[in-house]
Amino acid sequence: MLEFIKNFRRKQIIRDLKAAPRDKRIENISEIKTLGVICRLDNEQNWTILNHFAKVMENQGKEVHIIALQEDDINFVVTHQATTICRTKTDINFWGLPSAASIQDFVSNNYDLLIDTIGEEHFFSRYLALRTTASLKVVYATPAEDPSEIFDLIIRGDGRLELKNFFNNIIEYLGMIKK
């Protein structure tokens, strides 16, 4: 019963956030100046891939901000300086909402591209995607999921999200956009 009430409240929050206006725009990857990435801190291999992607984008003159959900303890070091970590034990309330202070730095930026790497329908990532005013929002989804009300570009796959391939797909698809 308690989960039902939580899910009902979360759906209300998402519905209200969907009503907020924003300017949608698809640009070539070379024209993108600011990127936001939503991720989950769960293993060092994924963090290494994400950190490498961020460094490559920054070397191309792009500004990259990362917000990470940490559900469990980790045994690796988060080295990217523009990373915000939301810990479920301290920064997430009873309803699953991150505290305003924990997400303020991330949601206050205007992104040309927002990438959700959580790889499943997750309240945290959907909430943050709706709180930002990103021009283009990208997500990975299985055929059973339909995140089209929140995200503009959906890269579909049958299995678990492979982060390296996901980033390569984003770069490839946005590289096809005419300048």
Side-chain angles (χ1 to χ4, degrees), residues 14-42 45-69 78-84 86 98 103-179:
I14 295 296
R15 183 193 67 225
D16 293 345
L17 287 172
K18 281 184 205 174
R22 75 178 173 96
D23 292 327
K24 296 180 186 179
R25 189 176 66 251
I26 297 177
E27 294 186 35
N28 186 286
I29 191 72
S30 64
E31 301 296 318
I32 290 174
K33 300 293 180 221
T34 56
L35 286 95
V37 181
I38 303 169
C39 69
R40 177 183 289 149
L41 282 182
D42 55 359
Q45 181 181 3
N46 282 347
W47 172 253
T48 302
I49 293 168
L50 176 59
N51 192 37
H52 176 73
F53 173 76
K55 286 180 181 178
V56 167
M57 293 292 110
E58 289 170 340
N59 287 339
Q60 294 177 9
K62 299 172 189 344
E63 186 178 332
V64 180
H65 295 268
I66 301 170
I67 190 161
L69 177 63
V78 175
T79 54
H80 188 264
Q81 62 186 2
T83 299
T84 303
C86 287
I103 64 170
Q104 181 59 38
D105 287 340
F106 186 79
V107 298
S108 64
N109 292 299
N110 292 321
Y111 301 109
D112 296 323
L113 174 62
L114 178 75
I115 303 171
D116 177 359
T117 68
I118 290 192
E120 63 185 43
E121 287 192 40
H122 196 282
F123 178 73
F124 178 80
S125 65
R126 301 308 193 246
Y127 177 77
L128 286 172
L130 289 168
R131 287 287 312 270
T132 66
T133 58
S135 301
L136 177 64
K137 299 177 183 182
V138 180
V139 70
Y140 172 86
T142 64
E145 299 170 323
D146 184 20
S148 61
E149 290 185 347
I150 299 171
F151 294 93
D152 308 308
L153 176 61
I154 301 166
I155 298 177
R156 296 229 182 251
D158 290 332
R160 227 180 130 185
L161 170 67
E162 292 182 23
L163 209 49
K164 186 176 180 181
N165 292 338
F166 181 55
F167 287 137
N168 288 337
N169 285 336
I170 292 170
I171 291 169
E172 180 181 342
Y173 295 150
L174 294 182
M176 292 181 202
I177 307 297
K178 291 187 179 185
K179 294 181 184 181

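All of these numbers come straight from a predicted model, not from anything done at the bench.
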field: Nearest-0.5 Å distance, OG of residue Ser30 to NZ of residue Lys62
entry: 6.5 Å
field: Heavy-atom closest pair, residues Asn28 and Gly175
entry: ND2-O, 3.2 Å
- request: Identify, with sequence neighbours excluded, every residue that meets side-chain contact (heavy atoms from CB on, under 4.5 Å) alongside Ala134.
  value: Tyr111, Leu114, Thr132, Lys137
task: Measure the spacing between CD1 of Ile170 and CD1 of Ile29 and express it to the nearest 0.5 Å.
output: 8.0 Å
- line: Nearest heavy-atom contact between Ala129 and Ile150 is CB-CG2, 3.8 Å
Set of ring pair (Phe, Tyr, Trp, His ring centres under 6.0 Å) partners for Phe166, sequence neighbours left out: none
Residues forming a side-chain contact (heavy atoms from CB on, under 4.5 Å) with Val78, sequence neighbours excluded: Leu41, Trp47, Ile74, Phe76, Thr83, Ile85
field: Any side-chain donor near an acceptor of the partner, Thr34 and Asn109, under 3.5 Å
entry: no
query: If we only count heavy atoms from C-beta on, is the Asp152 to Ile26 side-chain gap below 4.5 Å?
result: no
message: Just by distance, no angles: are the side chains of Asp105 and Thr84 close enough, under 3.5 Å, to form a donor-acceptor pair?
response: no
- prompt: Out of Glu121, Arg126, Arg156, which one pairs with Val139 under the side chain to side chain contact (heavy atoms under 4.5 Å, CB included) rule?
  reply: Arg126
message: So, using side-chain contact (heavy atoms from CB on, under 4.5 Å) as the criterion, who are the partners of Thr48 when residues are at least two apart?
response: Glu44
message: Can you give me the closest heavy-atom contact between Tyr140 and Gly159, atom names plus distance?
response: OH-O, 2.5 Å
task: Would you indicate whether the side-chain heavy atoms of Val64 and Phe53 approach each other to under 4.5 Å?
output: no
Separation of Lys33 NZ from Gln60 CD (nearest 0.5 Å): 10.0 Å
task: Could you tell me which non-hydrogen atom of Ser125 sits nearest to which non-hydrogen atom of His122, and how far apart they are?
output: OG-O, 3.1 Å
message: According to salt bridge (Lys or Arg N to Asp or Glu O under 4.0 Å), who are the partners of Arg25, at least two apart in sequence or on a separate chain?
response: Glu27, Asp112
query: Looking at SG of Cys39 and CD1 of Ile118, how far apart are the two atoms once the value is rounded to the nearest 0.5 Å?
result: 7.0 Å
query: With Asn46, which residues qualify under side chain to side chain donor-acceptor pair (under 3.5 Å), at least two apart?
result: none
message: As an exercise, state the distance from OG1 of Thr117 to CG of Leu50, rounded to the nearest 0.5 Å.
response: 6.0 Å
- request: Identify the heavy atoms of Gly157 and Pro143 that sit nearest to each other, and give their distance.
  value: O-CD, 3.3 Å
message: Between Gln81 and Glu58, does the side-chain contact (heavy atoms from CB on, under 4.5 Å) criterion hold? Intermediate values first, please.
response: CA-CA 12 Å; Gln81 62 186 2; Glu58 289 170 340; 5.9 Å; no
- request: Quick one: which residue pairs count as a salt bridge (charged side-chain N to carboxylate O under 4.0 Å, His left out) with a foot in residues 157-177, not counting sequence neighbours?
  value: none
field: Nearest-0.5 Å distance that lies between atom CD in Glu63 and atom CG in Asn110
entry: 10.5 Å
task: May I have all residue pairs that pass salt bridge (charged side-chain N to carboxylate O under 4.0 Å, His left out) and include part of residues 142-151, sequence neighbours excluded?
output: Lys18-Glu149
field: Residue list, side-chain contact (heavy atoms from CB on, under 4.5 Å) with His52, at least two apart or on another chain
entry: Val56
message: Less than 4.5 Å apart, side chain to side chain, heavy atoms only: is that true for Ile171 and Met57?
response: yes
message: Using the side chain to side chain donor-acceptor pair (under 3.5 Å) criterion, which residues pair with Gln45? Sequence neighbours excluded.
response: none
query: Considering only heavy atoms from C-beta outward, does the side chain of Ile155 approach that of Tyr173 to under 4.5 Å?
result: yes
- request: Only counting residues at least two apart or in another chain, list the ones meeting ring pair (Phe, Tyr, Trp, His ring centres under 6.0 Å) with Phe123.
  value: Tyr127
Partners passing side chain to side chain donor-acceptor pair (under 3.5 Å) against Arg15 (at least two apart in sequence or in another chain): none
